[in-house]
Number of protein chains: 2
Amino acid sequence: MANPILHIKTQCSECSLRELCLPVGLHKHDLEQLNSVIRQSRRLKKGDYLFHAGETFVSLFAIRTGFFKTTVGTQDGRDQVTGFFMSGELMGMDGIGNNIYINDAIALEDSEVCELPFARMEDLVKRVPSLQTHFMRLMSREIIRDQNVMMMLGNMRAEERLAAFLLNLSQRLQTRGFAANDFILRMSREEIGSYLGLKLETVSRTLSRFNQEGWISVEHKHIQILQARALKDLVAGCSGKSDVI
Amino acid sequence: MANPILHIKTQCSECSLRELCLPVGLHKHDLEQLNSVIRQSRRLKKGDYLFHAGETFVSLFAIRTGFFKTTVGTQDGRDQVTGFFMSGELMGMDGIGNNIYINDAIALEDSEVCELPFARMEDLVKRVPSLQTHFMRLMSREIIRDQNVMMMLGNMRAEERLAAFLLNLSQRLQTRGFAANDFILRMSREEIGSYLGLKLETVSRTLSRFNQEGWISVEHKHIQILQARALKDLVAGCSGKSDVI
DNA sequence: CGTCTTCTTGAAGGTATTCAAACGATGTGG
DNA sequence: CCACATCGTTTGAATACCTTCAAGAAGACG
């Protein structure tokens, strides 16, 4: 439960993620302004909560390293996973609306995040016009992302959802310089199922089927994509987009 | 196809929707600044497109009167409804991310909208700090709304989705001063189904069942909610929220 | 008034879920 | 280091739910 907090000097302008994270497209001068916003870097261990649903919204968080899920609790005690986040991605934008975090954010592996106090962000945004536009874009893209998930949940069958999910992970990993076709799942079958609106057994069965077809190789959490084409063909005709998530 | 455009003098500061729409919570002075942003009011007839997916993003649109749906086209030619919008609500925020509208926006009845050119909005936001915060809140709430739909699609059964849908409509209508328990559906069964991830037959059957149970009265598009309690009980335990949509 | 669209309802079928059991991996304590 | 408990996963069989196919009824519109 306790989040071990370490104060680490962080500078957007020197961060290896600056081409991927919030600074994308900012000029050097504006970028340096961002440095002043970041309060500190924070380390979390697998299973730690970054923030809880219902807490007062204070900060956005950018992931430096690691992997997170966000979940919303249901009245009957079960959780629904609303998203998976990896390095360079921003969490907490749902909190702006009502000054309360809607989601829990939980580390799925040891992770490190940059904390961006929203009050300071707002302040900076006023002084740096390019950042204002940029930040609105990021929020809009979160909307687009969520709408793509809506389409996935509303239109696709289990096979198609899993295919879209794997392709999306693959693409995001590739963007970060990792292998696109050989990776380790950071989440359990149950978490995948929760995200995709399926039961864990269905996820397991469907992965097994992909494995039998020779489209992927599954060994526990180790996934290899052997025939991306086949997966893409499954998804095509459903959402029209391979960047669903 | 052609959108008949009428130039109507519009003033946020004198609009009856100012407590509901973008101006919510703005001070008088800031409110008057908004007037300068609105290019014109635009009338649409039932079936008219307000904007098309793929078009260059130029403006946000606030609904003065009427009712809209937004849809995303799938590769195989079918549409998925991503939202229903009524007076005081803002459409087009998905366009900010990539300067392209992601959705089609289509009037489901004769409607009137205020056009807010985004370039002017950005400009104004720089000069009016309270509007900046306010606008971010609105975007965040769109994110929350979409995540609630995700939960609905991922967790709920047909009955629960319909119940949540009806309760949400009811609540939004009430907010606008209409009867909460007696209203006309603006959309077809197929459009409801598309939005809820169900087939139109399932929507029809489920409404009939609610009717038989005495929870609602259905006469074609005329809906009366007779036992809101029963509908709420259905939804409870699934999302924990009655403001799903 | 006739045509077209939308809606309702039934029956058959398919897909994902539920229930259940067993396996494997992981981690703990003896 | 091994035995054991636990958690996550796989797989099968039965079931539930929604969809598909089909036909008829009711409004909407010209």
Side-chain angles (χ1 to χ4, degrees), chain A residues 45-47 69 74 76 78-81 106 108-110 152-166 184-213 216-223 234 237-238, chain B residues 45-47 69 74 76 78-81 106 108-110 152-166 184-213 216-223 234 237-238:
Chain A
K45 288 201 291 192
K46 183 175 175 175
K69 68 171 175 181
T74 58
D76 56 354
R78 301 192 327 145
D79 283 342
Q80 155 109 0
V81 173
I106 303 167
L108 294 182
E109 62 179 7
D110 293 0
M152 187 160 69
L153 293 173
N155 267 328
M156 294 187 181
R157 294 174 320 151
E159 284 192 341
E160 300 164 335
R161 294 184 202 182
L162 250 307
F165 173 74
L166 291 175
I184 304 295
L185 293 177
R186 253 61 226 209
M187 70 296 279
S188 70
R189 302 290 192 264
E190 184 169 19
E191 287 163 334
I192 296 172
S194 174
Y195 180 61
L196 297 178
L198 303 169
K199 295 297 163 187
L200 72 95
E201 295 94 329
T202 306
V203 173
S204 178
R205 263 186 260 274
T206 306
L207 288 177
S208 296
R209 208 173 311 140
F210 286 179
N211 190 49
Q212 280 168 11
E213 298 280 355
I216 66 174
S217 147
V218 187
E219 292 167 29
H220 319 299
K221 296 198 180 296
H222 180 200
I223 301 281
L234 253 186
C238 302
Chain B
K45 288 200 292 193
K46 182 174 173 176
K69 70 171 175 180
T74 58
D76 56 355
R78 301 190 330 144
D79 283 344
Q80 155 108 359
V81 173
I106 302 167
L108 293 182
E109 62 179 5
D110 293 359
M152 186 160 70
L153 294 173
N155 267 329
M156 294 187 179
R157 292 173 320 143
E159 283 192 342
E160 300 165 335
R161 294 183 204 184
L162 251 307
F165 174 73
L166 291 175
I184 304 293
L185 293 176
R186 254 59 229 212
M187 69 296 280
S188 69
R189 303 288 192 265
E190 184 169 19
E191 287 163 334
I192 297 173
S194 174
Y195 181 60
L196 298 177
L198 302 169
K199 295 298 161 186
L200 72 96
E201 294 95 329
T202 306
V203 173
S204 178
R205 262 186 261 274
T206 307
L207 288 177
S208 296
R209 207 174 311 142
F210 286 178
N211 190 49
Q212 281 171 7
E213 299 279 355
I216 67 175
S217 146
V218 187
E219 292 167 27
H220 319 298
K221 295 199 183 293
H222 180 200
I223 301 282
L234 253 187
C238 301

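Below, each value reflects all heavy atoms present in this structure, side chains not excepted, and no hydrogens, waters or symmetry copies. Residue numbering restarts at 1 for every chain, and letters A, B, ... go by the order of the sequence lines.
Among the protein residues, B/G197 comes within range of the sugar-phosphate backbone only, with heavy atoms under 4.0 Å from sugar or phosphate atoms but none that close to a base. In this structure, B/R157 reaches the sugar-phosphate backbone alone: every heavy-atom distance under 4.0 Å involves primed, P, OP1 or OP2 atoms, never a base. Here A/L198 lies in heavy-atom contact (under 4.0 Å) with sugar-phosphate atoms only.
In this entry the distance linking CD of B/E190 with C1' of D/dT20 reads 14 Å, nearest Å. As rounded to whole Å, 19 Å separates atom P of D/dC7 from atom NE2 of A/H220. Atoms CZ (B/R205) and P (C/dG10) sit 9 Å apart, rounded to a whole Å. Taking atom CD1 on B/I184 and atom P on C/dC7, their separation rounds to 13 Å, with Å as the unit. Going from atom CG of A/N155 over to atom P of C/dT15 covers 16 Å, rounded to whole Å. Rounding to whole angstrom units, NE2 of residue A/H222 and C1' of D/dG8 are separated by 18 Å. One interatomic measurement links the two molecules: NZ of B/K199 to C1' of C/dT15, which rounds to 13 Å at whole-angstrom precision. Between B/L196 atom CG and D/dT19 atom P the separation is 10 Å, expressed in whole Å.
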Just do the side-chain contact (heavy atoms from CB on, under 4.5 Å) check on A/I184 and A/I223 with the steps written out, would you? CA-CA 6 Å; A/I184 304 295; A/I223 301 281; over 6 Å; no
List the steps and the verdict of side-chain contact (heavy atoms from CB on, under 4.5 Å) for A/E191 and A/L108. CA-CA 10 Å; A/E191 287 163 334; A/L108 294 182; 3.7 Å; yes
Could you check A/T206 against A/R161 for side-chain contact (heavy atoms from CB on, under 4.5 Å), going step by step and ending with a plain yes or no? CA-CA 10 Å; A/T206 306; A/R161 294 184 202 182; over 6 Å; no
Test side-chain contact (heavy atoms from CB on, under 4.5 Å) on B/N211 and B/S217 and set out the steps. CA-CA 5 Å; B/N211 190 49; B/S217 146; 4.3 Å; yes
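Minimum atom distance to the side chain of A/S204 is reached by D/dT11, of the listed D/dC18, D/dT20, D/dT11. Comparing C/dT8, D/dT10, C/dT9 against the side chain of A/V218 picks out D/dT10 as the nearest.
Among A/I192, A/L153, A/L162, the single residue meeting the side-chain contact (heavy atoms from CB on, under 4.5 Å) criterion with A/L198 is A/L162.
When the side-chain nitrogen and oxygen atoms of A/T202 are compared with OP1 and OP2 of C/dT17, one or more of them lie within a distance under 4.0 Å. For B/R189, a side-chain nitrogen or oxygen approaches OP1 or OP2 of C/dT8 to under 4.0 Å. Residue A/K221 places at least one side-chain N or O closer than 4.0 Å to OP1 or OP2 of D/dT9.
Ranked by how close their nearest DNA chain D nucleotide is to the 5' end, B/A158 and B/K46 are led by B/A158.
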